[in-house]
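Only one structure is covered here, and it is reproduced in the block below.
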Protein chains: 4
Amino acid sequence: MLISIDVNSETPIYEQLKEQIIMGIASGALKPGEQLPSIRQLAEDLGVNLHTINKAYNQLKADGLLTVDRRKGAVVNFLAQKPTAQQKDELRRKLRPVLARAICFGLSEQEIEDLCVRTYNQIIGGNDE
Amino acid sequence: MLISIDVNSETPIYEQLKEQIIMGIASGALKPGEQLPSIRQLAEDLGVNLHTINKAYNQLKADGLLTVDRRKGAVVNFLAQKPTAQQKDELRRKLRPVLARAICFGLSEQEIEDLCVRTYNQIIGGNDE
Amino acid sequence: MLISIDVNSETPIYEQLKEQIIMGIASGALKPGEQLPSIRQLAEDLGVNLHTINKAYNQLKADGLLTVDRRKGAVVNFLAQKPTAQQKDELRRKLRPVLARAICFGLSEQEIEDLCVRTYNQIIGGNDE
Amino acid sequence: MLISIDVNSETPIYEQLKEQIIMGIASGALKPGEQLPSIRQLAEDLGVNLHTINKAYNQLKADGLLTVDRRKGAVVNFLAQKPTAQQKDELRRKLRPVLARAICFGLSEQEIEDLCVRTYNQIIGGNDE
DNA sequence: GTGGTCTAGACCACC
DNA sequence: GTGGTCTAGACCACA
């Protein structure tokens, strides 16, 4: 999978990294059991510091999406079958401001539903743009 | 409308402020043409710095949701009927990582659609929790 | 509360820090709502790097023992009334090897119970040694 | 006795090994005088490096729990009747942060005592979970 | 080889 | 003032 970073973006590099890896897992581009590049390798490839990569990997580990194997580095976890209540709350909390903004921009309920479905298919299909 | 701030949250206060005002507009609690509290007053009510309120108001003005008038202060704009292409892109960009994360947590397409619809109704209904 | 670090110890500095703060909270030396030294201040006082302090504070925040206030820095949380099931599991997992070792060293059940009670009282009493 | 290793755990493999052997001795699954698998064989069984097994065995020897004989390999020692003062200190030092954490999580003295007793019985009974 | 820890020093966002 | 992010470079533990 190809990862690209915009160092000038206002969102932190480690957040961009997390998002891209999550996108990769969601789209199936990263398969469960698959090995991610080592911290140092990825840091070099992207031209960023190894601590930045480390932070992203560790947070994804805390999210339960990666496990870190002392020998093989970071490995993609098998997907959970169901989210915990806490995870669901977190999702709703993140979803709320986005949808509220959509409403303010004049989207109807139907259009918002369409937007969600189309975005979902974008992710699954893997065609990112 | 009641605005409450959590100073311990990791999301900046001005972001919380923006989110709450957007939620207010989306839910109809804040009506077009309605006047928001003055910067000075809101700052005092919430016990935060003037700059913080000012930043939130200005960004909402840039979003086209408020009009800042020197005499009347901040006023809620009439909602656009349709979002610009740029706004739609922005929505999709914000929506994508949330949905991708939902997929990683094991939600099916149907469950994600449900989540969106239910969250939408929460906002419209105004019952935040 | 006085915090002291042994930079030559094999346990990481940030772990020592976490342990001492936890001891402080448990003993009542650190009261709920009390403000901890700022990252930079404590780093200077202890003669260690600010990132080391930052890591300890963040992990305690993740444990729910501290909250980080953008204005006042780190603040001691009010104690939970009951641990979550996960926290209880974690405690048992940490307790098991210690007790097993005690058994191997020849302590009877009664002696182990005494050891626990006496250690508990040490913590509560605050007399650390 | 069955030994199983989790290579993804954050606790080092040699530590896991030590813990499991200690658990085995404490529970009586490993009897004094009993011979442990040879380093070479155990390394192969678990699929880990020779050094890793060696390190665990050597540290247990330093703890006085094993005797390493050039001909018979590692043998379980007879349990001490009483711990040395040093061993007791070590136990208290390891116990303290666990109990302090329990207090922070809201456990009362009685609940902590229960936790210790129940964990003790788990070990003795050998039913690990 | 891997990740974990620590240091030193910089800049930025927030308040 | 506070914490958050990032860099550059070092050493260690683990396997």
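Small disclaimer: the values here were computed from a predicted structure and weren't measured. Values below: all heavy atoms of this structure, side chains included; hydrogens, waters and symmetry mates excluded. The chains referred to below are lettered A, B, ... by the order of the sequence lines, with proteins before strands, and numbering in each begins at 1.
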Looking at DNA chain F, which of residues 43-55 of chain A put a heavy atom within less than 4.0 Å of it? A/Val48, A/Asn49, A/His51, A/Thr52, A/Lys55

Report yes or no: is there a donor-acceptor pair, N or O only, under 3.5 Å between the side chain of C/Arg71 and the base of F/dG1? no

What pattern of brackets, bars and dots sums up DNA chain E from 5' to 3', given Watson-Crick or G-U wobble pairs under 3.5 Å, [ ] for crossing pairs and | for another strand? ||||||||||||||.

What's the [atom1]-[atom2] distance between [X] and [N], to the nearest Å?
X: A/Lys18; N: F/dG4; atom1: NZ; atom2: P; value: 14 Å
X: A/Leu17; N: F/dT7; atom1: CG; atom2: P; value: 11 Å
X: B/Gln59; N: E/dA13; atom1: CD; atom2: P; value: 12 Å
X: A/Ile39; N: F/dC14; atom1: CD1; atom2: P; value: 17 Å
X: C/Asn58; N: E/dG4; atom1: CG; atom2: P; value: 16 Å
X: A/Gln41; N: E/dT2; atom1: CD; atom2: P; value: 8 Å
X: B/Asn8; N: E/dC14; atom1: CG; atom2: C1'; value: 14 Å
X: C/Glu10; N: E/dG4; atom1: CD; atom2: P; value: 18 Å

Choosing from E/dC15, F/dA15, F/dG3, which nucleotide comes nearest the side chain of B/Pro12? E/dC15

Can you find a heavy atom in the side chain of [X] that is under 4.5 Å from one in the side chain of [Y]?
X: C/Lys61; Y: C/Thr67; answer: no
X: B/Leu50; Y: B/Ile39; answer: yes
X: B/Arg101; Y: A/Lys94; answer: yes

Step through the shown structure and confirm whether more than 12 heavy atoms of other residues, nucleotides or ligands are within 6.0 Å of CD on B/Glu34. yes

Distance from A/Glu90 atom CD to B/Phe105 atom CZ, nearest 0.5 Å? 5.5 Å

Nearest 0.5 Å please: distance from the CG atom of A/Asp63 over to the CD1 atom of A/Ile25. 9.5 Å

Between C/Arg40 and A/Val7, whichever has its closest DNA chain F nucleotide further toward 5' is C/Arg40

Side-chain (C/Gln16) to main-chain (C/Thr11) donor-acceptor, under 3.5 angstrom: yes

Do any side-chain nitrogens or oxygens of C/Tyr14 fall under 4.0 Å of OP1 or OP2 in E/dT5? yes

Under 4.0 Å between any heavy atoms, over every strand shown, what does C/Tyr57 touch: base, sugar-phosphate, or nothing? Just pick one. nothing

With side-chain contact (heavy atoms from CB on, under 4.5 Å) as the test, pick out the partner of C/Leu36 among C/Ile3, C/Leu60, C/Leu66, C/Val68. C/Leu66

Any chance you could lay out the side-chain contact (heavy atoms from CB on, under 4.5 Å) test for D/Tyr57 and D/Leu42, step after step, and finish with the verdict? CA-CA 11 Å; D/Tyr57 277 12; D/Leu42 188 52; 3.5 Å; yes

